[in-house]
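Have a look at the structure below before the remarks.
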Amino acid sequence: MAGKSSRIGVLALQGAFREHRRILESLGAAVTEVRLPADLAELDGLVLPGGESTTMARLLTVYALWQPIRAFHAAGGAIWGTCAGAILLAREVRGAPPQFGGKQESLGLLDAVVQRNAFGRQINSFAAALPVAGLDAAFPAVFIRAPAFTAPGPQVNTLATWEGQAVMLSQGHVLATAFHPELSSDPRVHALFLKMAVETKSEIA
């Protein structure tokens, strides 16, 4: 399996990092929990988990991780953001809380605008059988305060939509999902990311 030689980091500052770790390890990846810039060394890929994006953004500042993650991407590391993690990837974030002046810092590694809570609040959470490009059957997607993507740039591929809104994108070695594959028993999206990490590693070797 593609994951057997992959070294994957999971940002472990806040959110559902343990769930990602469990699935990645079940696929054969060697997983490192990333809390400091030094933890990014020797990794093939990095997962930014779901959680609370404003809290995660604050902790990225506290632990001085913004530029190291951008440098990791520039050096060829694959990055996958889920829900809050996907918000952190976009070039522009809309719908940030008023106490932050409606603005939120992001990594700017995905050429798209992300709208926070595009499908409603926590009480509006839902699961759906989601058709995903590259998968042979619908994926059991869990949406919790899910964002949606708009205004994708020319290098961005839309891999899935729900109710007319883009919920899964890729751009080079960046993957973004508005839903939570780590809360499903289906490992196929994690396997897609491991394949991306391996292919990117081969291209730059």
Side-chain angles (χ1 to χ4, degrees), residues 11 15-16 45-58 60-61 65-67 69-122 124-135 138-139 141-182 189 192-193 195-197 199-200:
L11 186 68
L46 174 66
V47 176
L48 309 179
E52 212 296 311
S53 64
T54 54
T55 300
M56 292 172 67
R58 181 175 59 81
L60 286 177
T61 299
L65 278 162
W66 288 106
Q67 289 308 322
I69 291 175
R70 292 186 180 106
F72 174 78
H73 170 263
I79 299 183
W80 173 23
T82 62
C83 197
I87 291 171
L88 295 174
L89 286 174
R91 64 172 150 79
E92 180 181 341
V93 180
R94 294 183 180 171
Q99 60 267 37
F100 296 100
K103 296 182 179 179
Q104 183 172 325
E105 186 174 3
S106 62
L107 291 160
L109 301 178
L110 179 69
D111 188 11
V113 176
V114 65
Q115 177 65 50
R116 289 166 45 113
N117 302 328
F119 295 93
R121 303 178 65 81
Q122 189 93 7
N124 304 117
S125 301
F126 64 98
L130 183 71
V132 173
L135 299 184
F139 186 84
V142 176
F143 292 81
I144 302 172
R145 297 173 58 199
F149 306 102
T150 61
Q155 304 301 315
V156 175
N157 297 311
T158 299
L159 303 178
T161 62
W162 187 254
E163 296 183 340
Q165 300 201 72
V167 294
M168 183 173 179
L169 301 179
S170 68
Q171 179 183 356
H173 49 290
V174 172
L175 180 66
T177 53
F179 52 94
H180 291 266
E182 78 279 11
V189 176
L192 283 179
F193 178 66
K195 183 173 183 288
M196 172 186 285
E199 290 177 347
T200 302

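Throughout, numbering of the chain's residues begins at 1 and tracks the sequence.
No donor-acceptor pair closer than 3.5 Å links the side chain of Gln115 to the backbone N or O of Ala118. Under a 3.5 Å cut-off, the side chain of Thr82 and the backbone N or O of Gly50 do form a donor-acceptor pair. A donor-acceptor pair under 3.5 Å is formed between the side chain of His173 and the backbone N or O of His73. With hydrogens and angles ignored, the 3.5 Å screen pairs a side-chain donor or acceptor of Arg70 with a backbone N or O of Leu107.
Looking at every heavy atom in both residues, Leu88 comes nearest to Ala57 through CD2-CB, 4.0 Å. Pairing each heavy atom of Ala86 with each of Phe149, the nearest pair is CB-CZ, 3.8 Å. Nearest heavy atom pair, residue Ala160 against residue Pro131, reads CB-O, 3.5 Å. Scanning both residues, Ala178 and Ala146, for their nearest heavy atoms gives O-CB, 3.6 Å. Considering all non-hydrogen atoms of both residues, Pro147 and Phe119 come closest at O-CE1, 3.6 Å. Between Met196 and Ser170 the shortest heavy-atom distance is CE-CB, 4.5 Å.
The distance from the CG atom of Leu130 to the CE atom of Met168 is 8.5 Å, given to the nearest 0.5 Å. A distance of 8.5 Å separates CD1 in Ile69 from CG in Leu109, rounded to the nearest 0.5 Å. Taken from CZ in Arg116 to SG in Cys83, the straight-line distance is 9.5 Å, to the nearest 0.5 Å. Here Thr55 contributes atom OG1 and Leu60 contributes atom CG; the two are 11.0 Å apart, rounded to the nearest 0.5 Å. The distance from atom OG1 of Thr177 to atom CD of Glu182, rounded to the nearest 0.5 Å, is 7.5 Å. Between atom CZ of residue Phe143 and atom CD of residue Glu163 there is a gap of 8.5 Å, rounded to the nearest 0.5 Å.
Residue pairs satisfying the salt bridge (charged side-chain N to carboxylate O under 4.0 Å, His left out) criterion with at least one member in residues 71-93, sequence neighbours excluded, are listed as follows: Arg91-Asp111, Glu92-Arg94.
With 3.5 Å as the limit, one finds no donor-acceptor pair spanning the side chains of Ser106 and Gln104.
Checking Leu110, Leu89, Leu11, Thr200 one by one against Ile79, the side-chain contact (heavy atoms from CB on, under 4.5 Å) holds for a single residue, Leu89.
Looking at heavy atoms from C-beta onward, Leu135 lies out of side-chain contact with Leu159 at the 4.5 angstrom threshold. Between Trp162 and Phe179 the shortest side-chain heavy-atom distance does not fall below 4.5 Å. Put simply, the side chain of Pro49 reaches to within 4.5 Å of the side chain of Met56, judged on heavy atoms.
Using cut-offs of 30° and 60° on the angle between ring planes, the pair Phe193 and Trp80 is tilted.
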- Message: Run the side-chain contact (heavy atoms from CB on, under 4.5 Å) test on Arg58 and Glu52 for me, step by step, so that the C-alpha distance in whole Å, both residues' side-chain angles and the decisive distance to 0.1 Å come before the verdict.
- Response: CA-CA 10 Å; Arg58 181 175 59 81; Glu52 212 296 311; over 6 Å; no

